[in-house]
Visitor: 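This is the structure I have questions about; it appears just below.
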Amino acid sequence: MKIAVLPGDGIGPEIVAQAVKVLEALRADGAKIEMETAPIGGAGYDAAGDPLPDATLRLARSADAVLLGAVGGPQYDTLDRPLRPERGLLRIRKELNLFANLRPALLYPELAGASSLKPDVVSGLDLMIVRELTGDVYFGQPRGIELRNGERVGYNTMLYSESEVRRVAHVAFGIAMKRGKKLCSVEKANVLECSELWKEVMIEVARDYPEVALSHMYVDNAAMQLIRAPKQFDTIVTGNIFGDILSDAASMLSGSIGMLPSASLDEHNKGMYEPIHGSAPDIAGKNLANPLATILSVAMMYRYTFADAATAERIENAVKRVIARGLRTGDIWTEGTQKVSCSEMGDAVVKAL
Ligand code: IPM
Ligand code: MG
């Protein structure tokens, strides 16, 4: 298996280095994996004048899976829009057709105190958000900023085709089948035609999955319910922008955004794996970041692309063990636990593995 390693910007290189240690440990144990590194985001711009250099895209296409750190940084915010780091991320998702983004939110019992919600609201939480990743207002045309009647207007287009909704629906129903057989489709069908179509297609696809209980929720209510009573959800499926927002909210249920991995899959389960958090420029280069979301992204790589659930569980259990031992990076540290650096956390996971 060939893995394209794209560390990116900010804390990206530090956290990816820890995940690479885990992969190297697995290789030392006999796993047949090959890794090759390339720049993306601001690092791509610095190296080749492009947030997604051709060579990086070629490597990603030729790989079985992509491991990504994070992109972005204040030094790139004034670049022309197509040159900004975020554009590199959006383009690689689109170019590789990674339309199904899986964002689990799981609470480790020992971290209940790190969540800003009451422990009884979040303890036992195990939720999966399936976010559509290559459509919606992120990519819809037309888009732009232009002069109309003597003033500037900015506009984007929220757009989904039936086939785009149908394929992500099938992924979400498939995942719900393997979990609690409850799927909640989140949209804004009381206002948006785009959501009306989304909901109709969800109901059509549901006929193929009679065992799954499909429900529907408006996104504003879903935001509230996620904070009020998150354990009512098993699997959520939603569009690109709603999923972007709801997955950040859901991350806080699990104590820290530094804990949550993600998988972005195409229809053949080729995937890109990345933590859901960003590049955290404020702590970059200080060996303070939490590498667990990136390490858990490697576990997802084993589960979804390599179809090796045993190794995925082995990595997840190693993470559970270091948490149970009381090791914490700053973002999940609470009184009475042991504060460790990013690289110490990585070493501890390798040892537990
Ligand atoms: C995410 C991020 C990206 C997104 C940004 C960096 C473009 O917020 O992966 O959730 O909006 O999709
Ligand atoms: Mg986001």
Side-chain angles (χ1 to χ4, degrees), residues 6-12 15-16 39-45 50-52 56 60 66-105 127-140 143 156-160 164 168 186 219 222-223 226 236-254 256-266 271-282 284 289-290 293-294 296-297 300-301 331:
L6 314 181
D9 309 319
I11 58 171
I15 53 178
V16 165
I40 192 168
Y45 175 78
D50 183 346
L52 180 58
T56 301
V66 179
L67 177 66
L68 183 107
V71 301
Q75 68 272 45
Y76 306 111
D77 284 349
T78 50
L79 290 174
D80 277 353
R81 210 158 273 281
L83 297 177
R84 290 194 200 158
E86 292 76 10
R87 229 10 120 75
L89 181 60
L90 296 176
R91 263 176 53 212
I92 196 170
R93 288 173 178 171
K94 190 77 175 173
E95 294 279 354
L96 299 182
N97 202 20
L98 306 171
F99 65 88
N101 183 210
L102 279 42
R103 298 190 163 191
L127 155 76
M128 176 69 91
I129 298 182
V130 180
R131 168 191 177 193
E132 200 289 331
L133 203 59
T134 52
D136 203 351
V137 70
Y138 270 58
F139 293 96
R143 63 192 291 165
N156 293 84
T157 302
M158 183 176 265
L159 187 148
Y160 268 122
E164 284 176 308
V168 76
V186 172
V219 63
L226 267 177
I236 288 177
V237 61
T238 190
N240 203 344
I241 186 118
F242 298 154
D244 177 46
I245 299 164
L246 292 180
S247 60
D248 266 31
S251 75
M252 279 320 288
L253 305 172
S254 69
S256 168
I257 197 167
M259 292 300 298
L260 293 192
S262 78
S264 306
L265 306 176
D266 73 2
M272 183 161 85
Y273 297 84
E274 54 177 315
I276 86 154
H277 61 71
S279 58
D282 53 323
N290 184 347
T294 316
L296 290 167
S297 297
M300 290 189 90
M301 182 185 292
D331 57 313

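Being a predicted model, the structure only gives us computed values, none of them experimental. Starting from 1, each residue takes its place in the sequence as its number. Both ligands and their constituent atoms are indexed starting at 1 by order of listing.
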Visitor: What's the shortest distance from atom 9 (O) of ligand 1 to any protein heavy atom, and which residue and atom give it?
Guide: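 Nearest neighbour among protein heavy atoms for atom 9 (O) of ligand 1, to 0.1 Å: Arg93 NH2, 2.7 Å.
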Visitor: Within less than 4.0 angstrom of ligand 1, does Asp244 place any heavy atom?
Guide: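 Asp244 counts as a contact of ligand 1 under the 4.0 Å cut-off.
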Visitor: Considering the heavy atoms of Arg131, write down every atom of ligand 1 situated less than 4.0 Å from one of them.
Guide: 1 (C), 4 (C), 9 (O), 10 (O), 11 (O), 12 (O)
Visitor: Please enumerate all residues that pass salt bridge (Lys or Arg N to Asp or Glu O under 4.0 Å) together with Asp331, with sequence neighbours excluded.
Guide: none
Visitor: Between ligand 1 and Arg103, can you find any atom pair, the residue atom being a heavy atom, that is separated by under 4.0 Å?
Guide: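 Checking ligand 1 against Arg103, which is what was asked, there is a heavy-atom contact under 4.0 Å.
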Visitor: How about Tyr76 and Asp9: does a side-chain donor come under 3.5 Å of a side-chain acceptor?
Guide: no
Visitor: So, Asn240 side chain and Leu133 main chain: donor-acceptor pair closer than 3.5 Å or not?
Guide: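 Looks like yes, one N/O pair under 3.5 Å.
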Visitor: State the count of protein N/O/S atoms located less than 2.8 Å away from the Mg ion (ligand 2).
Guide: 1
Visitor: Could you walk me through whether Asp80 and Arg87 pass side chain to side chain contact (heavy atoms under 4.5 Å, CB included), step by step?
Guide: CA-CA 10 Å; Asp80 277 353; Arg87 229 10 120 75; over 6 Å; no
Visitor: What protein heavy atom sits nearest atom 11 (O) of ligand 1, and how far off is it?
Guide: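 Checking every protein heavy atom, the shortest distance to atom 11 (O) of ligand 1 gives Tyr138 OH, 2.5 Å.
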Visitor: Taking salt bridge (Lys or Arg N to Asp or Glu O under 4.0 Å) as the definition, give me every residue that meets it alongside Arg93, ordered by chain and number, with sequence neighbours left out.
Guide: Glu274
Visitor: Output all residues satisfying ring-ring contact (aromatic ring centres under 6.0 Å, His included) with Tyr273, sequence neighbours left out; order by chain, then residue number.
Guide: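 Tyr273 satisfies ring-ring contact (aromatic ring centres under 6.0 Å, His included) with no residue once adjacent residues are dropped.
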Visitor: Would Arg84 count as a contact of ligand 1 if the rule is a heavy atom under 4.0 Å away?
Guide: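 Contact absent.
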Visitor: Please state whether Glu274 comes within less than 4.0 angstrom of ligand 1, counting heavy atoms only.
Guide: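 In this structure, Glu274 fails to qualify as a contact of ligand 1 - no heavy atom is under 4.0 Å.
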